[in-house]
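Written out below as structure tokens is the structure these notes cover.
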Amino acid sequence: MKRPLIIYAMPLLGFIISVFFLPCLGSAAADRWREIGPEGGPVQALAIDPSNTQTIYAGMWGGGVFKSVDGGQSYTAVNTGLTQRDVRALAVDPDTPATIYAGTYGGVGVFKSTNSGQSWSICNSGIGYHSGVYTLAIDPQNTDTLYIGTHGGGGLFKSINSGASWSSITTGFTAYHAKVIAIDPINTMIVYAGTISGGVYKTINGGQNWSAINTGLPQDHIPAFAIDPSNTQILYAGAVGSPNGVYKSIDGGSTWNATGDLPNPWRNVQSLAIDPDNPGTVYAGTDGGGLSKSVNGGTSWSAVNSGLTHFDLEGVTVKALAVDPTQPSTLYAGAKGCGIFKSTNAGASWNVTNKGLGGSNIYALSADHVNPGTIYASTYGGGLMKSKDRGSNWTALNSDLIPRDTSAEVYSIAIDPSNPDILYAGNRWNGMAKSINGGINWTSCSSGLPYGSSHGLVIHPVIPSTLYVGKYWDSGGVFKTTNSGVNWTAANNGITNLWVKALAMDPQNPSTLYAGTRGGVFKTINGAGSWSEINTGLTSLRIEALAIDAVTPSTLYCGTDQGVFKSIDGGTNWVAASHGLETVHVTALAVDPVAGTTLYAGTRSPYPESGTGPGGVFVSVDGAGSWQALNNGLAHADICVLRVDPLNPGALYTGTWGGGVFYLRAAMMVPPLHLLLLAQLLE
């Protein structure tokens, strides 16, 4: 007789939640987001404070700026006011070291700090919109003068007032992208620029006009450059696509000659540095081959990679180098995806120094449904990582992952529902790998899969030998295996757009699946035998994410670059459901498997000049009727993936671009009073 009370209790429960819970959602979840690693991430730039060489700054792709005050033993983020956190260039004012400049990618330009990174402000006047600042250099004799090189058509700019305003200086400069700038330390009117498409340019009058100086230089992509401080006629240029890697000039760039070969096959040079006390000692950071060193001005080279390995990857890409000016045997190497390494013996050995460096970019994330706290995260440049203790410690799973190099970027992870030791990983290009021992070892299972990144990997909950994956490519689409990945076949009948970004499977009827593409949503009810387009009501057809209500599978959601859309009839019709979202670029969705009307949306922050709100995570407790921000403690606004903890639906994981993985222990924690009232209602 008491059972009908539940019917009456539900509206009252909703009232209780709306009155007590929603207004305090932010405070209830305050500081509950916890960054849990993995430490490291893609380092693009390094700079050392010349007045105190224990202070080091690192510019990250997506993570902003990190600072160490103890010689790299630990780092902390210093991003207040840094609204664009893809940092490609850093420079410390040698006269006033509290002044730092950061060049960023993504249309924002240059930021400046006058308090050692505690806060930043934009200093872009005169630059205009460009896709990024690749390089930044300060005149060592007049630190009010700065140069930047841009990507995206702007070329070169100069400031003579410490960044307050900038002027274009492209007379004679015909290259499209400027990748590196180096200033002659003796005659600072002489400046060199290495470019992506035009080789090396030189000015002898502070940028008033430029000339290409490429005689003997066969490659036009020059991302690295160094000037011998003892004889500024001696120059080194690092090339991409070259049979040699490094070229040298002894006449100020009038002519170039190849140096000795770098160790095979790593000849794409990304960074160069010279020992200021012994200029014949030159270091070259390579793409996938770690670091090479010459002690005879480039006549011969040897690899200096002892300890310069991380995440079980075959080769480390060294994007940035910095030499301690007071102790040149101390070097720092910034690596793609692997963080920062330090050597105190001129490169003879290296140690990873990533404590506090939480700048990882996360592609994929999955949580074990049997073992509490066991999670998997795929990082940019760092491959696949595993933690058994919810992020306190991480181990790499790349020893057999195909391909085992710095392109081992896993875009999707799936765990076998019948055995959590069986894993599948779809990588960035065309590979699929399988592990039967929790990621310790991997074997390729890519037969039949075409080129293109792998997204939305899903496993049949009852027949785990059946899997589906989406390929994001013009010859991609949906691929299916019925034999645990031994071979795959295309399953695209009816799909008119083959760029598949997301897949979702009906948990109650696994033969029903949805595919999110660049051309909208498609549905199958026969295990991908055929598909039909279901886009009625969608005002954006660029689908980034899909999610199904496990309680009521006819209710589903899609995330797009124009917000969230909802269907309550299995996709036949869609309506916009973005009320309360502060930004509408939705990149991830997750539905609470117990409380189906509770869902989460991960969004991407727009560029600051757009004038719209920040990104981050948002929560709805009414089936996307309204949304509230759920960002307390979440230091990074660009969300790549969301996962509800399968063993604790009140907990949430999110993978960010530039901040690693965050964990929200009790995203929907109801205060004890509410639980007490609910218990009384249901007695």
Side-chain angles (χ1 to χ4, degrees), residues 36-38 311-312 362-379 382-402 408 410-427 431-446 454-469 480-486 488 503-508 510 513 547-548 550 588 590-594 641-655 661-665:
I36 59 173
F311 301 155
D312 286 338
I362 305 300
Y363 283 131
L365 186 65
S366 191
D368 194 316
H369 56 278
V370 174
N371 302 297
T374 295
I375 52 176
Y376 300 87
S378 168
T379 70
L384 189 60
M385 308 290 290
K386 179 179 182 178
S387 174
K388 295 182 178 180
D389 50 16
R390 196 168 282 116
S392 296
N393 298 279
W394 293 86
T395 56
L397 302 179
N398 298 320
S399 59
D400 296 313
L401 196 59
I402 308 298
V410 174
Y411 275 21
S412 54
I413 308 165
I415 303 174
D416 189 314
S418 65
N419 183 351
D421 286 335
I422 299 177
L423 310 171
Y424 296 87
N427 74 31
M432 182 72 64
K434 178 181 179 180
S435 173
I436 60 173
N437 56 9
I440 297 173
N441 302 106
W442 297 87
T443 56
S444 177
C445 57
S446 303
S454 302
H455 296 269
L457 185 61
V458 292
I459 302 180
H460 195 295
V462 180
I463 311 171
S465 58
T466 296
L467 298 88
Y468 303 85
V469 69
K480 178 181 180 179
T481 178
T482 58
N483 51 20
S484 302
V486 174
W488 299 79
L503 285 173
M505 179 182 287
D506 186 324
Q508 297 182 18
L513 296 95
I548 298 177
V591 180
D592 188 314
V594 177
V641 61
L642 285 169
R643 290 289 182 266
V644 174
D645 188 332
L647 297 176
N648 179 11
L652 192 66
Y653 296 97
T654 185
V661 180
F662 286 78
Y663 178 65
L664 188 62
R665 185 176 61 188

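Any value given below was found using the heavy atoms of this structure, including those in side chains, with hydrogens, waters and symmetry copies removed. For the single chain, residues carry numbers from 1 onward in sequence order.
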- Message: So does A433 get a backbone contact from the side chain of S444, meaning a donor-acceptor N/O pair under 3.5 Å?
- Response: no
- Message: Between N398 (side chain only) and G382 (backbone N and O only), is there a donor and an acceptor less than 3.5 Å apart?
- Response: yes
- Might you confirm whether atom CD1 of I422 has over 12 heavy atoms from other residues, nucleotides or ligands at distances under 6.0 Å? yes
Would a 4.5 Å heavy-atom cut-off, applied to side chains only, mark [X] and [Y] as touching?
X	Y	value
V661	P38	yes
S378	L384	yes
Y424	S484	yes
D645	R390	yes
T482	T466	yes
M432	T481	no
I375	I36	yes
L423	W442	yes

State the [atom1]-[atom2] distance between [X] and [Y], to the nearest 0.5 angstrom.
X	Y	atom1	atom2	answer
I413	L365	CD1	CG	7.0 Å
S418	H369	OG	NE2	7.5 Å
T395	L397	OG1	CG	5.0 Å
T379	M385	OG1	CE	6.5 Å
D421	D368	CG	CG	8.0 Å
S454	W488	OG	CH2	8.0 Å

Which atom pair, heavy atoms only, marks the closest approach of [X] to [Y]?
X	Y	result
V641	T654	O-OG1, 3.1 Å
A550	P593	CB-O, 4.0 Å
I459	M505	O-SD, 3.7 Å
P649	D592	O-OD2, 3.4 Å
V410	A425	CG1-CB, 3.8 Å
I415	P420	CG2-CA, 3.6 Å

- Task: Go through the steps for S435 and N437 under the test side chain to side chain donor-acceptor pair (under 3.5 Å), then give the verdict.
- Result: CA-CA 6 Å; S435 173; N437 56 9; 2.9 Å; yes
